[in-house]
Amino acid sequence: MKCMISNGYDLDVKICSLVLSSLCEQKGVGGLEVVGFVEEMKKVGFCPGMLDYSNVIRCLVKQGKGLDALRVLCKMKVEGMKPDVVCYTMVLYGVIANGDYKNADKVFDELLVLGLVPDVYTYNVYINGLCNQNNVEAGIKMITCMDELGCKPNLITYNLLLKALCKNEELSRARELVSEMTLNGVGVNLQTHIIMLDGLFCKGDVDEACSFMEEMLDKFMCRRCSAYDDVIYGLCQRGLVCKAMDLLLKMVDKNVVPGARAWEALLLSSGTGPCLVENTWTNLLHVQRIWLVYQTESTVKGRIHHAKLKQIWAIQPDSAHCTFAGLLSISVSKNVWQRDLYLSMAHYEPNLLLLSGSI
């Protein structure tokens, strides 16, 4: 801008605003530079407008400088400008992201005093801050305030509260809130079910969590879902390998792709569960054949170590053979070898190594 002035070019507010907007979007530009440009605009006789200050606040919030964004908001008021609800919402988001909840309360109260009407996005930001402070009941009360002002809570509002309730293991209250969502015409989505599924499993309600997962598989089309993998992993950790295997087969039937965590949990747990019966091994072989089709990244992580394969081999040689063959097939295709895998195969399946040309 200084170069333009020194070269005799005329500047106007529009050009300055465009330069400021571009500066706010550039990566590597610090908040001090942006604020400094605003001061330069003033020195050459141009007053930043609402859009200019909004861009500056947005830039500062993106950089995690919520307190600086609050200072800009205060400066707007000193200069006689009345910040709109968008500016207040961005500043509110910034101070909450910094954990400055005292200032968050002040900002929210101030916008109400000024007669600004918060929209659902403003409420969601503030409710998120309340939930972060473990003040879920205050967040739930905000729904009543929203209704009084004619602002209808949306799916994000309820999911924020559900996540906080499940985190506190208040599952009965969470179920009530889900019923309230339905009554208020707010439909649940996949994220809502994932939140509830995590809450059920973390609290130890394994049977209900499994039933809930089966319900999700019937209701939603989802190619991948990490929450499903967490359930499979958790079941295996609890020794419920058969149940985990049944759920994984249902996932595959619904065209849901299991992740690495699920495959590894099943393979590492195979042969250790006291509940394993003869047909379990048949299912395990079926799972491993499906696993070969999906060729997940879990095969190249080397987590099926020598001792584990030795245990599987002692119980069911065919199962170990299938596991070796699957690992070999994918590791060779990806040109990745793990030391544990190589040693185990060299000990138990040297013929497979010879066929692959690895030795």
Side-chain angles (χ1 to χ4, degrees), residues 13-14 16-17 20-21 23-25 31-32 34-42 45-161 164 184 186:
V13 176
K14 185 178 288 186
C16 290
S17 294
L20 178 61
S21 176
L23 194 64
C24 290
E25 294 298 327
L32 290 176
V34 173
V35 175
F37 185 84
V38 173
E39 297 303 317
E40 289 295 325
M41 285 179 62
K42 294 177 182 178
F46 299 114
C47 295
M50 181 70 73
L51 181 60
D52 298 320
Y53 276 119
S54 295
N55 286 331
V56 172
I57 290 173
R58 184 180 293 106
C59 176
L60 292 171
V61 170
K62 281 183 178 179
Q63 294 178 12
K65 299 177 179 178
L67 190 58
D68 289 339
L70 179 58
R71 293 193 184 103
V72 172
L73 187 76
C74 294
K75 186 178 291 186
M76 292 174 67
K77 292 181 288 183
V78 170
E79 294 177 1
M81 299 183 67
K82 184 180 179 181
D84 58 13
V85 70
V86 175
C87 290
Y88 273 99
T89 301
M90 288 190 293
V91 172
L92 187 64
Y93 180 91
V95 292
I96 287 175
N98 292 157
D100 189 353
Y101 301 114
K102 186 176 180 180
N103 273 322
D105 291 335
K106 290 180 179 179
V107 170
F108 188 76
D109 290 341
E110 184 179 295
L111 74 88
L112 294 175
V113 171
L114 292 175
L116 296 173
V117 180
D119 55 21
V120 67
Y121 304 105
T122 310
Y123 275 112
N124 286 345
V125 170
Y126 189 59
I127 288 172
N128 182 51
L130 292 172
C131 291
N132 289 345
Q133 298 174 77
N134 203 26
N135 194 359
V136 190
E137 287 305 319
I140 293 174
K141 289 178 181 177
M142 291 303 297
I143 294 179
T144 305
C145 298
M146 294 173 71
D147 290 333
E148 291 175 354
L149 292 174
C151 181
K152 187 177 180 180
N154 62 11
L155 190 57
I156 295 173
T157 313
Y158 283 105
N159 281 348
L160 286 170
L161 294 168
N184 291 338
V186 181

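Heavy-atom basis, side chains included; hydrogens, waters and symmetry copies ignored.
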So which heavy atom on Leu161 is nearest to which on Gly139, and how close? CD2-C, 3.7 Å
Taken to the nearest 0.5 Å, the spacing of Cys87 SG from Leu51 CG works out to 9.5 Å
Qualifying salt bridge (charged side-chain N to carboxylate O under 4.0 Å, His left out) pairs with a residue from residues 89-109, counting only residues at least two apart or across chains: none
Applying side chain to side chain contact (heavy atoms under 4.5 Å, CB included) to Cys59 and not counting sequence neighbours gives Cys24, Val34, Gln63
Taking only residues at least two apart or on different chains, which pairs with a member in residues 54-74 satisfy ring pair (Phe, Tyr, Trp, His ring centres under 6.0 Å)? none
For Leu32, I'd like to know if atom CG has over 12 heavy atoms of other residues, nucleotides or ligands within 6.0 Å. no
Quick one: salt bridge (charged side-chain N to carboxylate O under 4.0 Å, His left out) pairs with a partner in residues 57-74, sequence neighbours left out? Asp68-Arg71
Once side chain to side chain donor-acceptor pair (under 3.5 Å) is applied, what residue pairs with a partner in residues 133-149 remain, sequence neighbours excluded? Asn134-Asn168
Does anything in residues 85-107 form a ring pair (Phe, Tyr, Trp, His ring centres under 6.0 Å)? List the pairs, not counting sequence neighbours. none
Give, for atom CG of Asn55 and atom OG of Ser17, the distance between the pair rounded to the nearest 0.5 Å. 8.5 Å
Are Lys82 and Leu116 side-chain neighbours, meaning at least one heavy-atom pair lies under 4.5 Å? yes
What is the distance from atom CG of Asp84 to atom CE of Met76, rounded to the nearest 0.5 Å? 7.0 Å
Which distance, rounded to the nearest 0.5 Å, do you find between the CE of Met146 and the CG of Asn154? 6.5 Å
Using the salt bridge (Lys or Arg N to Asp or Glu O under 4.0 Å) criterion, which residues pair with Glu110? Sequence neighbours excluded. Lys77
State which residues pass salt bridge (Lys or Arg N to Asp or Glu O under 4.0 Å) with Glu39; sequence neighbours excluded, sorted by chain then number. Lys42, Lys75
Return the set of residues passing side chain to side chain contact (heavy atoms under 4.5 Å, CB included) with Leu160 (not counting sequence neighbours), or none when no residue passes. Asn124, Asn128, Ile156
Got a sec, which residues hit side chain to side chain contact (heavy atoms under 4.5 Å, CB included) with Leu112, two or more places apart in sequence or on another chain? Phe108, Pro118
Taking only residues two or more places apart in sequence, or in another chain, which ones meet Tyr121 in a side chain to side chain donor-acceptor pair (under 3.5 Å)? none
Mind checking side chain to side chain contact (heavy atoms under 4.5 Å, CB included) for Ala104 and listing every partner two or more places apart, or none if nothing turns up? Leu92, Val95, Ile96
Does Thr157 reach the side chain of Tyr123, with side-chain heavy atoms less than 4.5 Å apart? no
Does any non-hydrogen side-chain atom of Leu20 lie less than 4.5 Å from one of Val38? yes
Is there a side-chain contact between Thr122 and Val125 in this structure, where contact means two heavy atoms from C-beta onward sitting under 4.5 Å apart? no
Taking the side chain as everything from C-beta on, heavy atoms only, tell me whether Val120 gets closer than 4.5 Å to Lys152. no
Side chain to side chain, Tyr158 and Ile143, heavy atoms closer than 4.5 Å: yes
